[in-house]
Q: 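To start, I am sharing the structure in question, which I have written as C-alpha cells.
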Amino acid sequence: FVAALAPGDIQAQALRKTRIAIPTINVLTRPWYIAKDKGFYAAEGLDPEFVYVQGTLQTAALLNGEIDFAGSGDTCLRAAANGAPMKLVFAMTHQPDFMLVVRPEIKSGRDLRSKKIAISSVGSLTAIGAKAAASALGLNPDTDIFLLGMGEQTNRFAALQAGSADGMIVDPGLALAAQKKGFRILSRVGEQLELIQVGLAMSNQKLKSDPELARRFLKASVRGLVDVQKNPEDMIQAVMKLRKINREDAAAVYKMELNSFTKDGTPSRKSVESAIQIALQGRAGPRPTYEDLVDLTPIKQAHKELGITGNY
C-alpha cells in the first residue's frame, strides 16, 4: 500500500536541506528568514536550516563539512586572509550595525576606562567593534577596557542588567530596548567601520564540487535582501517580534539597519580590504587580494537570472 502524497508533500520531500551558521540572532540576519518564509529558497529546491555558531568557530565547522555556508562574513574573511581554504561569496552588509550600550552613570570615554564590555567572543567582529568604540572615545583599546565573551546578544544584555558587565556591543533593536530600561547608548560604533558583519562563505572544496548549490542559495538570498529594502513591512514586523518593541520603534530600527545592508549582496572592495588589514596587522610580506578571498561567480550568475546589474 502506497499512500498518495499531496503536491506540497512531494515538493517538501524534494527540497534539499542546507545548513547555514549564523553568528548571532540579530536584525541583520532577518532577510534570510524572510526569504525562507516567502518561499524564495523553496523555489530553488532548498530548505535552509539556520544554526547558531559563534563566528570564531565557523571556519572549522565549514571546513569539516558540518555546515554548507558560514554566515560570519568578516571573521571568515580574516580566516581566509590567514590561509583558510574558503571564500566569501555574499555580503548581507557592508558595515556593522553595532552600538555600544553602557550603564547610565557612564557618560564619556573617561567613565568607560577600566570597565568591562560584553561581546560575543574574543577575536570576533564585536571585539573589533568594542575596541573601535574605545579608541574613538579617546581610550587605549588594548589596556583601558576589558572584553567579556558572552555569546548571544541576550546573554550580553543579561550581564549588563546583572552588573557583571558595564557595557555591551549589540544591534540597534536591543540597544533601543536597553535604552528604554535606563541604559545609555554611548556610541554608534558601526558607523566607524566598513566590515562585513553578516555574509556567506563557502569552502573552496564545496565551491568546486557543488557550484549549483552556491548559485541557487545566493539567488534566493539576493531576492530576500532586495525584498526587505523595497518592502519594509516584513522587516518591521520581524524586528517587533525579535526585540519585543512597538511598531514605531521597530520602524526606527529598520531605518538604521538600512545603512548596513548592501544593495544586492556584492561584497565591497573596501570592506574586504579592511578585513585583510585587520587580519594581517603588523605582519610583513605579501598580502592577499580581493580576488584571492572573494568568488563572485555565483552571485554574478544569481544577478543575471534576477535581472540585476551588479557593481563588481
Side-chain angles (χ1 to χ4, degrees), residues 20 22-38 40-41 48 50 55 69-77 88-99 125-126 128-129 153 169-176 188-201 217-243 245 249-275 294 296 298-300 302-303 306-312:
I20 306 92
I22 58 171
T24 186
I25 302 170
N26 71 359
V27 175
L28 293 180
T29 61
R30 293 305 95 184
W32 283 324
Y33 291 86
I34 291 170
K36 180 177 181 178
D37 291 342
K38 288 195 166 187
F40 296 165
Y41 293 105
F50 301 100
F69 295 91
S72 185
D74 177 76
T75 304
C76 292
L77 268 176
L88 189 77
V89 294
F90 172 86
M92 186 80 81
T93 64
H94 66 90
Q95 68 178 37
D97 65 350
F98 298 153
M99 292 189 174
L125 187 55
T126 55
I128 293 172
Q153 293 196 111
I169 298 292
V170 291
D171 69 25
L174 199 54
L176 188 58
R188 297 175 184 267
V189 63
E191 297 174 353
Q192 303 162 27
L193 301 169
E194 181 150 359
L195 292 164
I196 300 170
Q197 180 181 353
V198 180
L200 292 171
F217 195 86
L218 263 61
K219 182 179 177 182
S221 295
V222 171
R223 286 184 69 189
L225 175 59
V226 172
D227 183 80
V228 299
Q229 294 178 76
K230 289 184 176 180
N231 304 301
E233 189 57 33
D234 289 333
M235 191 71 169
I236 291 172
Q237 292 295 325
V239 174
M240 290 173 64
K241 183 177 180 180
L242 181 67
R243 293 297 173 229
I245 55 180
D249 289 340
V253 169
Y254 170 77
K255 288 182 180 179
M256 286 187 279
E257 298 288 19
L258 283 177
N259 296 325
S260 294
F261 287 129
T262 62
K263 178 183 176 183
D264 56 22
T266 305
S268 73
R269 287 187 175 271
K270 184 175 180 181
S271 59
V272 173
E273 289 164 1
S274 295
V294 178
L296 292 176
I299 201 166
K300 285 182 176 180
H303 285 167
L306 294 169
I308 294 173
T309 302
N311 181 18
Y312 314 116

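Residues take their numbers from the sequence shown, with the count starting at 1.
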Q: Can you name the closest pair of heavy atoms from Leu225 and Gly265 and give their distance?
A: CD2-N, 3.3 Å
Q: Taking all heavy atoms of Met99 and all of Met256, pick out the closest pair and write down the distance.
A: CE-SD, 3.5 Å
Q: Apply side-chain contact (heavy atoms from CB on, under 4.5 Å) to the pair Phe69 and Leu218, showing each step before the final yes or no.
A: CA-CA 11 Å; Phe69 295 91; Leu218 263 61; 4.3 Å; yes
Q: I would like to know whether Leu306 and Val226 meet side-chain contact (heavy atoms from CB on, under 4.5 Å); could you show each step before the answer?
A: CA-CA 11 Å; Leu306 294 169; Val226 172; over 6 Å; no
Q: Quick one: side-chain contact (heavy atoms from CB on, under 4.5 Å) partners of Thr24, sequence neighbours excluded?
A: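 So Thr24 forms a side-chain contact (heavy atoms from CB on, under 4.5 Å) with Asn26, Glu152, Gln153, Arg156.
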Q: Could you check whether any side-chain N or O of Tyr254 sits under 3.5 Å from a backbone N or O of Val228, counting only pairs where one atom can act as donor and the other as acceptor?
A: yes
Q: Run the ring-ring contact (aromatic ring centres under 6.0 Å, His included) test against Phe261 and tell me which residues pass, sequence neighbours left out.
A: none
Q: Mind checking what makes side-chain contact (heavy atoms from CB on, under 4.5 Å) contact with Ser72, not counting sequence neighbours?
A: Pro23, Gln58, Thr75
Q: Would you compute the distance between atom CG of Leu88 and atom CD1 of Ile196 and round it to the nearest 0.5 angstrom?
A: 5.0 Å
Q: In terms of ring plane angle, is the pair Phe90 and Trp32 parallel, tilted or perpendicular, where the classes change at 30° and 60°?
A: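 Ring orientation, 0 to 90° scale: tilted.
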Q: Determine the minimum heavy-atom distance between Leu125 and Pro96, stating which atoms define it.
A: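 Scanning both residues completely, I find the closest heavy atoms to be CD2-CG, 4.2 Å.
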Q: Who are the salt bridge (Lys or Arg N to Asp or Glu O under 4.0 Å) partners of Arg243, not counting sequence neighbours?
A: Asp171
Q: Testing the basics here: between Ile236 and Ala250, what is the closest heavy-atom pair and its distance to 0.1 Å?
A: O-CB, 3.6 Å
Q: Considering residues at least two apart in sequence or located in another chain, which fulfil the side-chain contact (heavy atoms from CB on, under 4.5 Å) criterion with Gln192?
A: Ala132, Ala136, Ser187, Val189
Q: The criterion is side-chain contact (heavy atoms from CB on, under 4.5 Å); which residues satisfy it with Ser260, sequence neighbours excluded?
A: Leu28, Thr93, Gln95, Asp97, Glu257
Q: Minimum heavy-atom separation for Val170 and Ala175, please, with both atom names.
A: CG2-N, 3.8 Å
Q: By ring-ring contact (aromatic ring centres under 6.0 Å, His included), which residues pair with Tyr41, not counting sequence neighbours?
A: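 With sequence neighbours excluded, Tyr41 shows a ring-ring contact (aromatic ring centres under 6.0 Å, His included) to Phe217, given in chain and number order.
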Q: Do you know the tightest heavy-atom contact between Ile22 and Phe50?
A: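 Minimum heavy-atom separation between Ile22 and Phe50: CG2-CD2, 4.2 Å.
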Q: For Asp234, check side-chain hydrogen bond (donor to acceptor under 3.5 Å, both in side chains) against everything at least two apart and list the hits.
A: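 For Asp234, the residues satisfying side-chain hydrogen bond (donor to acceptor under 3.5 Å, both in side chains) (neighbours in sequence not counted) are Lys38.
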Q: Given the rule in the side-chain contact (heavy atoms from CB on, under 4.5 Å) test, do Ile25 and Arg30 qualify, once you have shown the distances and angles that lead to the verdict?
A: CA-CA 9 Å; Ile25 302 170; Arg30 293 305 95 184; 3.7 Å; yes
Q: Side chains of Leu296 and Thr266, heavy atoms from C-beta outward: is any pair under 4.5 Å?
A: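 Touching, per the 4.5 Å side-chain cut-off.
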Q: With sequence neighbours left out, write down each residue that passes side-chain hydrogen bond (donor to acceptor under 3.5 Å, both in side chains) with Ser271, or none if nothing qualifies.
A: Ser268
Q: Give, for atom NZ of Lys263 and atom NE2 of His94, the distance between the pair rounded to the nearest 0.5 Å.
A: 12.5 Å
Q: Applying side-chain hydrogen bond (donor to acceptor under 3.5 Å, both in side chains), can you list everything that pairs with Thr262, at least two apart in sequence or on another chain?
A: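 Partners of Thr262 by the side-chain hydrogen bond (donor to acceptor under 3.5 Å, both in side chains) criterion come out as none, since no residue qualifies.
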Q: Glu233: what forms a salt bridge (Lys or Arg N to Asp or Glu O under 4.0 Å) with it, not counting sequence neighbours?
A: Arg247
Q: Once side-chain hydrogen bond (donor to acceptor under 3.5 Å, both in side chains) is applied, do any residues pair with Asn231, and if so which ones, sequence neighbours excluded?
A: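 Residues passing side-chain hydrogen bond (donor to acceptor under 3.5 Å, both in side chains) with Asn231: Asp227.
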Q: Quick one, Leu200 and Met92 - any side-chain contact, counting heavy atoms below 4.5 Å?
A: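 With C-beta onward as the side chain, the pair stays apart.
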